[in-house]
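Right, one structure below, let's go through it.
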Amino acid sequence: MYGIIATWRMAFEGITAGREILEDGGFAGDAIENAIREVEDFEFYKSVGYGGLPNEDMEVELDAAYMDGTTLDIGAVAAIKDYANPISIARRLSKEKVNNLLVAEGAERFAHKEGFQRKNMLTERAKIHYYNRIKEIKEQEIKPYSGHDTVGMVGLDKRGNMIAATSTSGLFMKKKGRVGDSPISGSGFYVDSKVGGASATGLGEDLMKGCISYEIVRLMKEGHHPQEACEIAVNRLDKELKERRGKSGDLSLIAMNNKGEWGVATNIEGFSFVVTTEHQEPIIYLAKNINGKCIHEKANSEWLDNYMKTRTAPLVRR
Ligand code: ASP
């Protein structure tokens, strides 16, 4: 059996390419790294890699992580600037014995020494988003942080290896140096090839309060199907946050076990995700939460057309 599950529609093209690697008997690590690089390289995805939205100083600081569920190797970078593919740097760091999570200048120095491609990640389009947001914040009291997504993936190859990985520009207008859940083991991702893996997207500050990716893997280890594990973990954290703090941020999770069974849960409307397995070409689904149950359906052609149109539509500075 083999398969990949990923957060958001943006993962589709990458997963389609990654599936071929798995089909040919390739390593899940190669499939997932390639898939995430595709997302990082596409300039119209404004929450990951090139074209990602900047922090409040108008700098694109990126977070990424890579975990091997067979060796339990973990590598991650946080608040890294000016490198094209944070996921590849994270994977490279996972091979080190120590110094596996590097931040900011330290991560950049490592990437430079290892010969990773430098690139100015701030696009003209991202600058327009930035200036428009500054206006919106003043005029309409729009929350500065809205507009963020992480590509998170879990993959299983024919030999039973599982990999989890993430990449994101984090919250739009975040403070310089802010790190979200995505590069943090157990929160943004976790995987154990003996069980399965999970990955998160949403408000990092809240996802971290539940170490939610680890929690889902733990529930799967206790015998829960990935779907049950995701629903239990998301519903519990959502409830705890509401009870103790009055509200819960966005929480959306995907998971796959080592049999290729998968699950998803969210506390928002319209969480899109992509799944492929040996028996199924990549499919884009939309999920929502109805009374604690996660309902998902295939995205229809109208939704799909509209998705690319809105991402690539001309943008003017207001
Ligand atoms: N979880 C990410 C962060 O807080 C953002 C997202 O996935 O929407 O940095």
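Sequential numbering from 1 along the given sequence is applied to the chain's residues. Here the structure is a predicted model, which is why all the values come from computation and not from measurement. Atom set for the values below is all heavy atoms of this structure, side chains included, hydrogens, waters and symmetry mates excluded. As the structure lists them, so they are numbered: ligands from 1, and atoms in each ligand from 1.
- Of all atoms in ligand 1, listed by their number and element, those nearer than 4.0 Å to a heavy atom of Asp149 are 6 (C), 7 (O), 8 (O).
- For Glu297, there are no side chain to side chain donor-acceptor pair (under 3.5 Å) partners at least two apart in sequence or on another chain.
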Worked check of salt bridge (Lys or Arg N to Asp or Glu O under 4.0 Å) between Arg9 and Glu13 | CA-CA 9 Å; Arg9 152 69 186 86; Glu13 286 77 12; 3.0 Å; yes
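- Between Thr150 and ligand 1, an N or O atom pair is found at a separation short of 3.5 Å.
- Note: no N/O pair closer than 3.5 Å links Ala200 and ligand 1 by distance alone.
- Here the heavy atom of the protein found nearest to atom 9 (O) of ligand 1 is Arg178 NH1, 2.7 Å.
- The aromatic rings of Tyr285 and Trp262 are tilted relative to each other, their planes meeting at an angle between 30° and 60°.
- Within the 4.5 Å cutoff, side-chain heavy atoms of Tyr307 are placed close to those of Met10.
- Ring pair Phe271/Trp8: centre-to-centre distance below 6.0 Å.
- Among all non-hydrogen protein atoms, the one lying nearest atom 8 (O) of ligand 1 is His148 ND1, 2.5 Å.
- Heavy-atom contacts of Thr201 reach the following atoms of ligand 1: 6 (C), 7 (O), 8 (O) (cutoff under 4.0 Å).
- For the pairing with Glu61, the salt bridge (Lys or Arg N to Asp or Glu O under 4.0 Å) check across Arg178, Lys174, Lys176, Lys81 returns one residue only, Lys176.
- The single protein non-hydrogen atom nearest to atom 5 (C) of ligand 1 is Gly202 O, 3.2 Å, given as residue, atom name and distance.
- Through direct or relayed side-chain contacts under 4.5 Å between Ile, Leu, Val, Met, Phe, Trp and Tyr, Ile290 connects to Ile295.
- Some N or O of Asp181 is nearer than 3.5 Å to an N or O of ligand 1, by distance alone.
- Where the criterion is an N or O separation shorter than 3.5 Å, residue side chain and backbone included, Asp63 fails it with respect to ligand 1.
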